[in-house]
Amino acid sequence: MEPEEEEINQQPLVEIEISSLSLAGSPRLAGESAEHIEALAAAQEPLPPITVHRPTMRVIDGFHRLKAAQSRGDSTIAARFFDGDEAAAFVLAVKLNAAHGLPLTLADRKRAAERIIASRPQWSDRRVASVTGISPGTVGDIRRRDGREPEAVGRRLGQDGRLRPVDGSAGRIIAGELLTENPELSLRQVARAAGISPETARDVRNRLRNGEDPLPRQHLRRKDPEQGRDVVVRKGFRTFGLARSPGRGQPRAVPDRAVLVKRLKDDPALRFTDTGRNLLRILALHTLSKDEWEAIIDNVPPHCSNIIADLARQFADLWSEFAVRVEEEVAQIS
């Protein structure tokens with residue numbers, strides 16, 4: 001397990017001789033900011049404790065605070081120890097610098113991603129992105145550019161601590177078959193059975209509802225090592241779809257959510273009651289287009305993606321329960 005800021009904050013606070021500390025290994029390519037050091041030194045409040053790698057006495061977090069303490073003439077500084085290995089210490093340094101203080105530059109974060117990929121090749125792009133604060137796509141570009149694609153590993157460790165295949169094509173195909181046979185399966189059930197993440201299962205479900213293939217376009221072709229060219233890996237494989245017209249193989253169009261919500265807004269039974277207006281406001285939040293949703297997903301900050309994903313799952317569960325309860329109420333009335 002990688003260390004979290006909360007765990008470090010639970011460590012005992014100690015006073016350390018400044019002369020015993022090392023400043024090597026900073027994730028900042030350009031070094032420290034003299035202006036930031038001066039501002040910290042001028043502050044009247046005590047400086048927050050720094051984090052120190054106990055085996056090497058190297059400063060993990062708090063380079064500027066240490067320099068500020070030195071400029072004040074202090075001989076000791078408040079600190080907390082971290083006892084992990086060097087690679088884990090660097091990951092922690094990047095996490096802590098991204099969470100507070102003077103932000104790392106884009107160049108710093110990209111360089112940090114390179115070092116983490118080198119020491120943690122089994123980590124997924126999203127997991128590296130969550131530490132460094134760059135997008136998963138940028139992490140993937142760095143991995144490919146540096147030739148560090150973990151071919152031998154074949155699996156990546158995600159943010160949830162689970163190992164998943166680098167190539168999720170087989171899992172997507174299985175998920176598509178499961179959802180086609182039983183559209184009522186939950187995303188977690190599908191993800192567990194197919195060996196993919198719930199987010200991938202959600203993407204497969206959305207593709208099926210839109211009459212698309214479960215595999216994104218980039219997964220449909222692979223480099224054939226013998227022929228030296230791209231080949232279609234799913235030639236002849238049928239297109240999946242959750243909603244199909246009776247007796248026909250073509251997907252049925254999914255009604256436009258915005259149109260449906262607009263119709264509901266015209267219903268007096270909803271418009272003229274407080275609970276009805278609240279419901280309409282909630283429903284209106286879900287009428288964004290697919291492109292708008294994609295734009296939101298692409299711009300979710302990696303450092304809070306876990307929280308947002310967890311909230312989204314909780315809201316999805318609430319909506320599922322809401323749907324069941326509404327249908328039950330209707331059944332009882334009829």
(message) Who clusters with Val300? Use side-chain heavy atoms, under 4.5 angstrom, across I, L, V, M, F, W and Y, and order the result by chain and number.
(response) Ile308
(request) Considering only Ile, Leu, Val, Met, Phe, Trp and Tyr, and joining two whenever side-chain heavy atoms are under 4.5 Å apart, list the other residues clustered with Trp293. (result) Leu288, Ile296
Heavy atoms only: give me the nearest [X]-[Y] pair and the separation to one decimal.
X: Asp74; Y: Ile18; value: O-CD1, 3.3 Å
X: Val94; Y: Ala112; value: CG2-CB, 3.7 Å
X: Leu178; Y: Ala193; value: CD1-CB, 3.7 Å
X: Arg65; Y: Leu40; value: N-CD1, 3.9 Å
X: Pro49; Y: Leu13; value: CB-CD1, 3.4 Å
X: Arg126; Y: Pro136; value: CG-CG, 3.8 Å

Can you tell me how far [atom2] of [Y] sits from [atom1] of [X], rounded to the nearest 0.5 angstrom?
X: Gln189; Y: Leu187; atom1: CD; atom2: CG; value: 9.5 Å
X: Glu212; Y: Asn206; atom1: CD; atom2: CG; value: 9.0 Å
X: Asp61; Y: Leu92; atom1: CG; atom2: CG; value: 7.5 Å
X: Arg209; Y: Arg205; atom1: CZ; atom2: CZ; value: 4.5 Å
X: Glu15; Y: Ser75; atom1: CD; atom2: OG; value: 8.5 Å
X: Leu280; Y: Leu270; atom1: CG; atom2: CG; value: 5.0 Å

Measure the shortest side-chain to side-chain distance between [X] and [Y] over non-hydrogen atoms and say whether it is less than 4.5 angstrom.
X: Ile282; Y: Phe315; answer: no
X: Arg313; Y: Arg188; answer: yes
X: Lys67; Y: His36; answer: no
X: Met57; Y: Ile16; answer: yes
X: Val128; Y: Arg120; answer: no
X: Ser22; Y: His53; answer: no
X: Ile142; Y: Arg145; answer: yes
X: Leu21; Y: Ile77; answer: yes

(request) In sequence, state the C-alpha distance, the side-chain angles, and the governing distance for Arg28 and Leu104, and then conclude on side chain to side chain contact (heavy atoms under 4.5 Å, CB included). (result) CA-CA 7 Å; Arg28 301 181 188 277; Leu104 296 174; 3.7 Å; yes
Crowded around [X] [atom1]? As in, over 12 foreign heavy atoms under 6.0 Å?
X: Glu292; atom1: CD; result: yes
X: Ile307; atom1: CD1; result: no
X: Glu35; atom1: CD; result: no

Side-chain donor or acceptor of [X] paired with backbone N/O of [Y] under 3.5 Å:
X: Arg72; Y: Ala41; value: yes
X: Arg80; Y: Gln10; value: no
X: Arg172; Y: Pro214; value: yes

(message) Whether Arg202 and Glu199 form a salt bridge (side-chain N of Lys/Arg under 4.0 Å from carboxylate O of Asp/Glu) is what I want to check.
(response) no
Same cluster (ILVMFWY, side-chain, under 4.5 Å), [X] and [Y]:
X: Val326; Y: Leu264; result: yes
X: Phe81; Y: Val59; result: yes
X: Leu47; Y: Leu23; result: no
X: Val131; Y: Ile117; result: yes

(request) Start with the C-alpha gap between Arg109 and Leu106, add the side-chain angles, then the distance that decides, and say whether side chain to side chain contact (heavy atoms under 4.5 Å, CB included) holds. (result) CA-CA 5 Å; Arg109 287 178 277 138; Leu106 180 58; 4.0 Å; yes
(message) Tell me which pairs pass salt bridge (charged side-chain N to carboxylate O under 4.0 Å, His left out) where either residue lies in residues 264-283, with sequence neighbours left out.
(response) Asp274-Arg277
(request) Cation-pi check, Arg115 to Phe90: give yes when NZ or CZ is under 6.0 Å from the six-membered ring centre and within 45° of the ring axis, no otherwise. (result) yes
(message) Does Trp123 form a side chain to side chain contact (heavy atoms under 4.5 Å, CB included) with Val91? I'd like the steps, not just the answer.
(response) CA-CA 12 Å; Trp123 276 20; Val91 170; 4.0 Å; yes
(request) Give the intermediate values and the outcome of side chain to side chain contact (heavy atoms under 4.5 Å, CB included) for residues Glu32 and Ser26. (result) CA-CA 9 Å; Glu32 289 71 50; Ser26 171; 4.0 Å; yes
